[in-house]
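Worksheet for the structure shown next.
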Amino acid sequence: MSELPSAYDPNEVEGPIFASWIDGGHFGSRIVPGVRPYSVVIPPPNVTGSLHMGHALNNTIQDVVVRRQRMLGRPTRWVVGTDHAGIATQNKVEQKLAAEGKSRHDLGRDAFIEACWEWRHEHGATIIGQLKAMGCSCDYSDEWFTMDPTYQAAVRKVFVAWFDKGLIYRGKRIINWCPRCTTALSDIEVEHEDRAGHLWHLRYPLEVPVGGVDHLVVATTRPETMLGDTCIAVHPDDERYRALVGSMVVLPLVGRRIPVVADAHVDPSFGSGAVKVTPAHDPNDFEISERHGCEKINIMNADATISVEGGAYAGLDRYEARERVVADLDALGLLVAVDDHAHSVGQCYRCQTVVEPWLSDQWFVDMRPLAEPAIEAVRDGRVTFHPKRWENVYFLWMENIRDWCISRQLWWGHRIPVFYCDACGWSGASEHDIERCPKCTSKAIRQDEDVLDTWFSSQLWPFATLGWPESDERLDYFYPTNMLSTARDILFLWVARMIMSGMYFNDGKVPFDDVIIHPTVFNAEGRRMSKSLGTGIDPLELMEHYGADGMRFGLMLQVTGNQDIRFSEEKLISSRNFSNKIWNASRFVFMNLDGYVPGPPEPMTVADRWILSRLAGLAARVGEGLDTYEFGEVARSLYDFFWNEFCDWYIELAKGRLQAGGEQRASVQRILVFVLDQALRLLHPMMPFVTEGIWRRLPLLEADRAASLMVAAWPDTAGLARFTDPAAERSVARLIEVVGGIRAVRSRYRIPPKQGLEAVFRTAGDAEQTWVTTEFGQMSALAGVSSFSAGTDLDKPPHSATVIASGLEIYLPLEGIVDFAAEALRLGKEREGLSADAAKFERKLSNEGFLAKASPEIIEKDRAKLAEISEQLKLVEAQLAELA
RNA sequence: GGGCGAUUAGCUCAGGGUGAGAGCACUUCCUUGACACGGAAGGGGUCAGAGGUUCAAAUCCUCUAUCGCCCACCA
């Protein structure tokens with residue numbers, strides 16, 4: 001029946017099984033009218049990316065949920081695809097060009113975009129192939145890319161809709177500028193990090209002294225920005241400066257006359273209480289300048305060199321300029337002091353370059369009107385986060401949401417669909433390209449140069465991948481999706497925005513019901529996994545060593561409500577071993593199926609009733625755990641049941657009955673096949689390959705068969721509940737304890753496995769006596785007991801070991817098995833040695849001189865040693881007593 | 001400044017009011033016809049600290065310490 005090798009080899013098994021799934025068409029999504037579907041969209045990985053541990057975890061979670069729903073009989077749709085990843089992809093392609101000594105400007109916009117598409121075609125399939133290696137059951141026949149033509153249409157539709165509603169506007173504002181990527185970033189694309197820096201105190205002379213005061217001192221962390229100062233602000237209630245408000249300061253190095261203004265934003269207790277205001281390079285200063293009508297002078301170029309507005313410093317890099325400005329002020333005697341000062345520095349989330357707050361013309365989305373219904377949807381439970389505590393994080397951000405800067409000064413991406421007529425000055429947004437001005441019919445029409453933030457298109461993923469804005473039956477059937485699983489770092493960047501846009505464009509229907517925020521995978525040292533730091537672990541390598549199932553299950557074991565995972569490869573080792581255990585337990589069943597006739601399970605023994613009852617409990621726990629996304633608990637339940645109950649006890653018990661033949665054999669075969677079948681179904685979502693590889697060979701009743709385990713029926717929890725049998729569970733728990741106690745005696749006396757033992761049970765009454773003779777009889781072989789007797793009046797035979805288990809007293813006569821003379825002699829000598837040692841330490845520890853003068857560590861060490869010796873002594877004495 | 005998470009065996013972590021658990025590591029024994037990626041038996045923990053609630057606290061509450069993460073217009 002079976003020529004299965006004795007070790008499970010994932011590399012041998014996985015490929016053909018995956019191919020068979022594809023060939024069987026089991027991944028495809030079908031619309032089955034009247035049947036409730038289950039749909040999930042994958043968080044689209046960057047097209048430049050390759051699989052990392054975060055993907056491995058996230059996609060295992062999704063696959064577990066999707067496979068289980070598929071087995072429940074629901075039409076499933078797991079959307080797969082990649083994100084065009086504007087900045088990341090543009091950077092990659094620019095790097096490639098740089099290696100050839102070229103820049104994107106050498107190519108020009110069209111050729112550069114062409115090069116990006118080439119990159120996408122060359123590398124875009126990498127990560128999809130890796131998902132396949134993991135066994136992910138996505139619908140690969142319907143792969144999406146966030147720059148597909150239909151997707152582009154969706155993006156334009158959204159832009160124009162919001163533009164027409166006035167929700168998208170253009171404005172000159174302070175934004176975060178990455179001088180290396182030379183683009184604007186949104187607030188949440190900036191990573192803040194505290195850095196050691198300085199606070200420079202600068203003296204600014206007054207044009208005309210006021211009441212004997214001829215200068216002000218201001219403090220700054222970025223002295224080079226003083227070139228763009230256009231006023232000085234003090235708090236209106238600050239007595240020290242009240243008289244100076246309205247007077248003029250002459251800006252050093254520049255010579256500009258700038259006013260002193262009073263503004264409540266200023267904290268009088270910080271620094272000198274007077275603030276230099278640089279409206280074009282600081283958001284707060286911008287606000288102050290707006291309130292007081294001060295000039296806004298941009299002193300920086302796009303590459304963070306000083307602009308012509310910086311006069312003598314023009315052309316210098318921002319850090320060179322800082323040094324020069326400080327040195328020049330110092331030379332003029334205007335540098336009052338320099339303090340050490342740690343402050344937060346913003347960095348580009350794509351290239352880690354320090355960003356500049358920079359005044360420029362950008363496109364924004366007015367988020368407040370969009371946020372309100374999205375807050376309400378979470379508040380009233382239409383969208384539920386798991387774990388729930390993330391909802392507070394969501395609320396906090398959403399309730400304080402700020403306008404979203406969506407324009408990027410890049411070439412790769414969705415070009416902003418706004419057109420300008422140079423002839424008549426008309427401008428407007430359009431879903432389709434415009435050749436002629438709709439107002440003056442001039443052909444002097446040009447499109448906005450900027451592209452949209454990648455996340456602007458990503459936010460449409462749940463419905464754009466269903467064919468929106470075209471009316472599409474898929475949209476009606478599969479939207480809203482059921483679950484979204486993702487890492488916490490894109491909660492704002494992506495999840496919140498999907499809820500907002502999903503509701504806006506789908507009649508208020510939320511894009512998904514449940515949001516799983518899974519733990520972040522850190523390395524063993526607790527540090528972020530990063531390819532560039534060399535602290536990453538490659539999932540593909542893990543799969544080579546442990547199999548896809550080993551990696552998947554190992555990850556699932558580590559998913560708890562915790563927010564971090566310190567990745568533990570040991571869990572993968574146990575999971576790989578678990579695959580092997582499943583494989584071999586199945587081999588055992590196959591090897592014992594000669595003459596098997598399929599049939600429903602009919603329990604004959606307490607062990608049968610026990611394993612079926614345990615199976616019923618397992619199915620209930622697994623179902624419930626998957627419903628509440630408690631993957632770690634589900635994995636542990638599966639592991640414990642299969643290994644510690646089914647393999648360690650049921651299979652061991654089955655061996656004798658398989659040997660016995662006849663009705664016993666037929667019965668146990670059916671239970672074995674039934675339990676294995678059901679267990680494989682429960683295990684399949686987490687370990688799809690090994691379970692599928694075995695399941696197909698199981699000789700099942702016609703009604704239980706399916707083309708593949710992945711489309712076989714999920715165990716019927718309610719139906720299995722009929723096997724629930726607390727009495728059998730209690731009985732077997734007691735048997736396990738009794739057998740364990742007897743085994744412990746065997747182990748203690750080194751009784752060889754083949755040496756049978758006699759067991760004498762002293763029982764408290766008839767019920768117990770019956771239990772021993774009927775139930776223990778079935779298990780006696782597991783304890784190596786060859787004969788046993790039970791009675792209320794049986795005495796302890798001489799030279800017996802005693803086992804006390806579950807209220808039973810069991811004597812094991814060891815006469816003729818253990819050489820008592822020799823054993824007693826050995827133990828006697830051991831006792832003498834131990835006693836002498838103990839006495840020595842006791843003397844030492846009662847010597848007051850020693851206690852007073854020896855170091856505490858030594859005393860502690862000796863005490864511990866004494867305790868250890870006393871313990872050993874007790875054990876030896878107990879053994880001597882047993883032998884007496 | 002605000003919020004969240006963590007602190008349990010040598011290591012990595014579950015658990016979450018009434019018997020302190022797993023995997024790995026360690027010790028001893030076992031190549032027995034499923035599996036040495038295995039089996040059996042063991043050793044090992046004041047559950048971060050201090051208070052409180054309770055018949056009962058590792059578990060609930062308060063505070064403290066340490067570590068980590070997120071948010072915030074920290075000139």
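Chain letters run A, B, ... following the sequence lines, proteins first and then strands; every chain starts at 1. As a basis for the values below, the full set of heavy atoms in this structure was taken, side chains included, without hydrogen atoms, waters or symmetry mates. Remember, predicted model here, so these are calculated numbers, not experimental data.
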Side-chain donor/acceptor pairs under 3.5 Å, residues 259-269 of chain A, sequence neighbours excluded:
unit_1, atom_1, unit_2, atom_2, d
A/Asp263, OD1, A/His265, N, 2.8
A/Asp263, OD1, A/Arg291, NH2, 3.1
A/Asp263, OD2, A/Arg291, NE, 2.9
A/Asp263, OD2, A/Arg291, NH2, 3.4
A/Asp263, OD2, A/His292, NE2, 2.8
A/Asp267, OD1, A/Ser269, N, 3.0
A/Asp267, OD1, A/Ser269, OG, 2.7
A/Asp267, OD2, A/Ser269, OG, 3.3

Give every pair of a protein N or O atom and an N or O atom of nucleotides 15-17 of chain B that lie under 3.5 Å apart, one pair per line with the distance.
none

Open item on the list: I need the full list of salt bridge (Lys or Arg N to Asp or Glu O under 4.0 Å) pairs touching residues 392-403 of chain A, with sequence neighbours left out, sorted by first then second residue.
Closed with: A/Arg173-A/Asp403, A/Asp187-A/Arg402, A/Arg379-A/Glu399

Residue list, side chain to side chain donor-acceptor pair (under 3.5 Å) with [X], at least two apart or on another chain:
X        : answer
A/His201 : A/Asp339
A/Arg322 : A/Glu224
A/Tyr629 : A/Asp514
A/Arg743 : none

Task: Watson-Crick or G-U pairs under 3.5 Å in RNA chain B, rendered as dot-bracket with [ ] for crossing pairs and | for another strand - done: (((((((..((((.......)))).(((((.......))))).....(((((.......))))))))))))....

Open item on the list: Quick check on contacts: within residues 573-586 of chain A, what sits under 4.0 Å from RNA chain B by heavy-atom distance?
Closed with: A/Ser574, A/Arg576, A/Asn577, A/Asn580, A/Lys581, A/Asn584, A/Ala585

- [ ] Identify, residue by residue, the members of residues 218-225 of chain A with a heavy atom below 4.0 Å from RNA chain B, and return them in order of residue number, or none.
- [x] A/Ala219, A/Thr220, A/Thr221

Pairs under 3.5 Å (N/O, protein and nucleotides 25-28 of chain B):
unit_1, atom_1, unit_2, atom_2, d
B/U28, O2', A/Arg750, NH2, 3.1

Please list, pair by pair, any protein nitrogen or oxygen found under 3.5 Å from a nitrogen or oxygen in nucleotides 67-70 of chain B.
unit_1, atom_1, unit_2, atom_2, d
B/G68, N2, A/Gln563, NE2, 2.7

